[in-house]
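Let me begin by presenting the structure, written as structure tokens, before commenting on it.
One-based numbering along the sequence shown. Atoms considered below: every heavy atom in the structure, side chains included; atoms not considered: hydrogens, waters and symmetry mates. We count ligands from 1, going down the list as the structure has it; atoms in each ligand are counted the same way.
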Amino acid sequence: MCGIVGYVGSEKCQDIVIGALERLEYRGYDSAGIASIDEEGLHLCRAVGKLAELKAKIKKMPIPGNTGIGHIRWATHGGVTEHNAHPHYATDEVVIVHNGIIENYAELKADLIEKGVVFTSDTDSEVLAHLFSHFIKKGLPPVAILQEVISKIEGAYAFTALSKSYPDTLMAARNASPLAIGLSDNMAVVASDALAIAHLTRHVIYLKDNDYAIITSKGCTIYDSNNEIANREIVQVKASPVLLDKAGFRHYMEKEIHEQPDAISHTISAMSDTTGRLTAGLDISSLSSIKGIVLLAAGTSFYAAQIGRYWIEKLAGIPVVCEIASEYHYRQPVASCQSTAIVISQSGESIDSLLAMRYAKKLGLDTFGIVNVVDSTIAREADKILPTRAGPEIGVASTKAFTAQLVVLFCLAIALGKQNGHISASRADELHHQLLKMPGAVGKSMELFDSIRPIAHKLKNASSCLFLGRDILYPLACEGALKLKELSYIHAEGFASGEMKHGPIALLQDGLPIVSFVSDDDMARKAVSNLKEADARGGHIIVVGTQSALNLLDFAAEKITIPECEPLLTPIVGAIPAQILAYLTAFEKGTDIDQPRNLAKSVTVE
Ligand code: AGP
């Protein structure tokens with residue numbers, strides 16, 4: 001969603017705040033703003049559009065001062081206008097930046113308007129600025145001001161406020177939306193994501209829900225929900241800032257597609273013990289305590305979950321249900337036959353997945369997190385972490401995190417099946433051996449850019465595209481559809497191949513592109529007959545599979561051949577052409593590949 005930044009220290013704040021916002025652009029990018037304070041008072045500059053628009057404005061009107069805040073927006077309440085861009089202000093007394101949703105903003109706004117406050121935006125966030133101003137005018141000290149403001153608001157928030165009355169102090173708080181404080185000599189920074197400030201300091205404190213903090217260049221004092229001083233641990237940020245650049249690729253997404261061999265091998269290592277034995281990072285008692293699983297996720301991570309379900313059922317004989325996170329935590333699911341909730345989240349901050357995990361915890365389930373950001377909220381709150389080692393994923397469309405999630409789920413299925421005897425030790429070793437071939441097979445799949453380019457060139461003119469798959473390839477079809485629609489804005493939908501004849505086949509008309517994933521297993525012949533039904537009705541069939549699978553499909557208009565692999569692992573290798581097809585189609589259409597319209601990398605609002 002949005003990204004917020006604050007700086008207080010011995011340096012001029014403008015370039016530091018802008019530099020951190022550049023590293024938060026993946027969180028949202030429809031408008032941006034910066035504000036600071038110096039002896040002359042408050043200074044504010046905001047711009048609609050990408051961060052570049054704001055940088056152009058401050059080139060003409062620099063922002064002075066050593067204490068400043070900044071914001072990069074993904075609109076929730078209020079359209080994309082300069083007035084709705086953050087920082088928001090209350091007279092010339094206070095400025096604030098906010099990520100999240102103040103759920104009771106309407107009644108607070110009405111109350112403030114009754115008191116004569118004049119609002120200048122349509123946002124929920126502006127309420128914060130006026131609440132701060134109200135309590136500052138009462139002459140309260142910063143801690144009391146924060147306590148009063150927090151006591152009034154409900155919902156998800158991470159905010160930082162700066163007031164003329166306390167020019168060298170940042171007032172910050174979080175609940176459900178992430179916030180990290182970076183500390184170094186004579187300076188402190190606060191940001192939505194520690195990676196945004198890793199180039200400034202590696203010493204970081206992650207605020208917990210309902211924490212609030214008073215931050216100065218000398219350090220910070222953190223309070224918990226009981227208004228007592230909280231001693232939060234200072235952690236060392238691990239990822240190196242150098243990972244946050246494109247390394248010569250045209251887009252982060254292109255780079256991250258190419259990083260998948262490394263991401264997969266690093267993740268396999270994380271799933272193995274020092275002797276190389278596959279353990280999924282769990283000890284025997286943890287593995288044997290898993291009797292029934294609910295997989296909770298959103299978006300691409302949900303499709304990884306659905307593939308994981310097939311593997312765990314097949315290899316471990318353990319019952320698994322997959323739940324869309326945003327649906328799960330508002331239902332009354334019957335969890336009696338489950339022992340474990342596994343949340344899958346690249347960012348570890350998706351509010352839907354976080355709330356679903358908390359709900360599962362309330363239902364008495366053990367909670368495991370398959371996350372890519374080890375310092376994330378889900379990672380910190382889960383009972384156990386099964387880390388994907390994909391490295392920072394900046395492109396909004398998830399690629400390397402997805403295949404790394406699949407690796408973790410496959411390793412978990414093998415470890416569970418070996419532990420409960422559903423598969424023999426030799427079968428487990430054979431599957432592990434096949435998994436170790438994935439970095440090579442995925443690396444070889446990078447050669448597909450050339451053969452897919454002409455297919456993308458044609459696909460860019462389509463108004464709609466269907467994706468088909470059976471069994472473990474059905475969720476991959478859904479993921480392929482999600483990649484195409486979120487990157488190229490072409491309508492796309494994934495179906496179970498066998499479902500076509502139950503309705504969707506009515507969509508078929510001459511030339512409608514149909515991408516079908518086929519693996520050389522006992523489902524291949526079924527998939528072939530489904531495809532023949534589509535072919536007979538004019539569909540433009542594009543098949544993705546190994547050569548042995550494609551030999552069954554001489555009628556296909558286009559063939560994308562993936563390297564031979566264990567059929568169970570086809571979703572990992574098959575994901576690569578799906579990503580490349582979406583990437584190249586979007587490239588042909590000229591859409592914003594790393595920051596597609598209306599999207600954000602981490603959805604931290606409901
Ligand atoms: C994936 O390409 C999308 N950007 C989106 O569906 C994403 O997978 C979803 O928002 C879940 O994010 P998470 O894995 O960080 O929880």
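Among all protein heavy atoms, the one lying closest to atom 4 (N) of ligand 1 is Val396 O, 2.8 Å. Of the protein's non-hydrogen atoms, Thr300 N, 4.2 Å is the one closest to atom 5 (C) of ligand 1. When hydrogens are left out, the protein atom nearest atom 16 (O) of ligand 1 is Ser350 OG, 2.5 Å; that is the closest non-hydrogen contact. Ranking protein heavy atoms by distance to atom 9 (C) of ligand 1, first place goes to Ala298 O, 3.8 Å. Of all protein heavy atoms, the one lying nearest to atom 10 (O) of ligand 1 is Val603 CG2, 4.1 Å.
In terms of N/O distances under 3.5 Å, ligand 1 is not approached by Ser353.
Close approach of ligand 1 to Glu486 (heavy-atom distance below 4.0 Å) involves ligand atoms 1 (C), 2 (O), 3 (C), 4 (N). Close approach to Ser398 involves these atoms of ligand 1, each under 4.0 Å from a residue heavy atom: 1 (C), 2 (O). In the vicinity of Lys483, heavy-atom distances shorter than 4.0 Å reach the ligand 1 atoms 1 (C), 2 (O).
Ion pairing of Asp30 with Arg597 is absent here, as no side-chain N (NZ or NE/NH1/NH2) approaches a carboxylate O to less than 4.0 Å.
A side-chain donor-acceptor contact under 3.5 Å links Ser398 and Glu393.
The side-chain tip of Arg174 does not point at the ring of Tyr157 from less than 6.0 angstrom away and within 45° of straight on.
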